[in-house]
Amino acid sequence: MLGSWRAIGLVLLSFLVVLLLRPQQFMMSVPNSNLRLLSDPFLQLPQETSVRVVWFTEFAGTEHFVRYGEGLEERAIARSTQLTRIREDQNSKIERIPNTPIQRDIWRHEAIVEGLSRRVPYQAISVGEKGEEITSDRFTLAPLPQLGTPLKILLTSDHQLMPMTPTNLQKVVETVGRVDAVFLAGDLVNIPDRASEWFDDNRGGAFFPSLQGRATYKLNQTVYRGGELIQHAPLYTAIGNHEVMGKYSHEKELNAQFDRPLPRTVAQRLYQEAAQQINPQNDSKIKAEWIKNHSFNTDTYEELFTLPESPSGGEKYYAVTFGDIRLVVLFATNIWRSPTLDTTKMSRYREPDRLLDRPEEWGYGQHIFEPIAKGSPQYQWLETELNSPEFQQAKYKMVMFHHPPHSLGDNIVPAYTNPVPVIQSTEGKMQSVRYEYPLNKDYLIRDIEPLFDEAGVQLVYFGHSHLWNRFTNEQGIHFLESSNVGNTYGAYWGNKQRFVPEGYREIYAATGDPNGLEPVVPTLDPLKDENAESLPYIASNEISVFTILETKTGTVSSYRFDTRKPQSPVVKFDEFQLK
Ligand SMILES: [Fe+2]
């Protein structure tokens with residue numbers, strides 16, 4: 001009897017073992033079970049009853065879709081495209097480093113979720129070749145907020161995988177919780193065609209992980225995760241100089257390609273000189289592609305994001321109504337070059353002497369990527385937009401772009417205008433090429449700010465100098481930069497002087513705002529200098545800053561966090577109202 005019980009027990013035990021082993025065997029029998037989503041999903045282009053969900057994979061897969069609704073009962077099929085210019089090279093921070101730039105196979109999936117009237121849960125699903133379903137966590141999505149909805153908007157910029165970016169974004173969520181949208185004034189990464197900077201740079205602070213709470217960046221013995229922000233909130237971006245790639249090459253390092261944009265007019269001239277060989281059939285597509293590849297492009301940026309569009313600028317400059325805010329986004333940025341006067345270097349003020357006989361290799365100074373001067377298509381569109389009922393009737397009138405119109409930072413010098421070459425020759429031989437930037441032709445000051453004054457703009461938000469400072473002009477427009485996430489270019493105030501070239505025709509301001517406004521001292525808790533005087537800025541590689549716009553009250557609040565003291569509280573140090 002005991003023997004038969006033992007036999008039954010053994011049978012039951014072996015059955016249990018089989019049961020326990022089954023899931024594992026099943027898992028192991030699925031090939032490619034290490035497939036994963038390259039990013040979490042994030043939200044783009046909400047409209048009255050819809051929003052787009054975007055995510056990325058490193059496999060083409062067979063099907064990609066979003067489940068949404070209270071019980072995830074609805075389904076929206078994604079449209080998939082492969083990114084065309086995204087690469088890795090010898091400077092990528094990844095496991096297997098290639099010797100030359102190579103294409104990285106990345107697919108982008110975008111599902112339009114329709115029929116929405118409120119916020120509901122969702123998840124993104126990608127199906128692999130063998131039928132494996134890779135599912136994201138659950139997040140929430142919503143259509144455009146209606147007028148009057150109280151909103152919290154994060155104003156941020158210049159992330160560029162800077163050491164304080166994940167900390168900064170984590171502190172946003174810890175301090176104010178989820179936001180309703182993220183407005184980012186450009187410079188998302190350093191090299192836009194380098195895939196790992198967006199997705200999986202091995203230092204742990206790539207663009208998407210930082211804005212999705214999936215970073216793993218160690219700073220002062222603390223690991224920061226960034227903030228779970230854009231899975232729930234749409235991202236609106238402006239193009240900074242770091243969204244623009246220069247001359248395309250199969251061989252040159254990506255950093256070198258980034259550093260060498262040519263003005264379109266120069267590429268057009270080079271094209272004309274060799275049009276017979278390049279394009280004997282005079283195909284307009286070949287011509288446009290050649291000129292783009294020999295000047296600059298924002299292809300990867302445009303492929304990654306789905307933004308509102310303008311008729312003349314596409315998604316490069318646009319306007320959108322988001323709740324009570326009318327946000328105008330401009331394409332105002334130029335190539336950044338060192339200010340050095342070293343005769344062997346390409347700089348914002350001169351060409352290196354060794355390249356004088358090779359104009360096709362010149363830098364052409366800090367040339368502007370998209371014209372914005374009076375009469376340009378962007379200017380004309382802006383003028384129309386600022387006079388439109390959508391803009392004029394909005395409760396909050398805001399403009400965002402990358403280049404500073406008012407700043408204590410370094411990158412506001414020289415003026416924002418087309419560089420004027422000054423060529424010195426003796427006996428017909430070129431001796432030097434330098435660039436002047438006429439102060440009275442600063443397009444942002446001469447042409448654009450007067451349009452803002454007339455239209456009643458309340459807030460102009462920008463980046464580029466990696467500091468926090470703000471100004472108010474005579475008409476009451478607030479100008480704010482809140483890009484202090486690291487690699488600050490300093491604040492030139494008091495005794496601290498910017499480098500400005502001597503012996504040039506133009507005399508640039510070494511301190512203060514070159515365009516004449518006084519910085520506003522933070523209203524709540526400014527930092528102090530060594531004499532206990534309040535500082536009208538934060539330009540620090542240790543203290544990080546973020547800014548929140550709350551539409552219920554029209555309050556713009558700025559917060560700082562000292563990364564040297566991980567246990568210290570976040571401090572609200574400045575607040576002002578949009579009227
Ligand atoms: Fe920048």
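Both counts, for ligands and for their atoms, begin at 1 and track the order of listing. Along the sequence shown, residues carry numbers from 1.
- Among the atoms of Asn241, an N, O or S atom is found under 2.8 Å from the Fe ion (ligand 1).
- His402 lies close to the Fe ion (ligand 1), since one of its N, O or S atoms is found at a distance under 2.8 Å.
- Between Arg326 and Glu385, at least one side-chain N (NZ, or NE/NH1/NH2) sits under 4.0 Å from a carboxylate O, which counts as a salt bridge.
- Geometry about the Fe ion (ligand 1) gives an angle of 160° between OD2 of Asp187 and ND1 of His464, rounded in steps of 10 degrees.
- Checked for salt-bridge contact, Arg104 and Glu88 meet the test: a charged N lies under 4.0 Å from a carboxylate O.
- Under 4.0 Å is where a charged nitrogen must lie from a carboxylate oxygen, and between Asp193 and Arg87 at least one such pair does.
- Ion pairing of Arg85 with Asp299 is present here, as a side-chain N (NZ or NE/NH1/NH2) and a carboxylate O approach within less than 4.0 Å.
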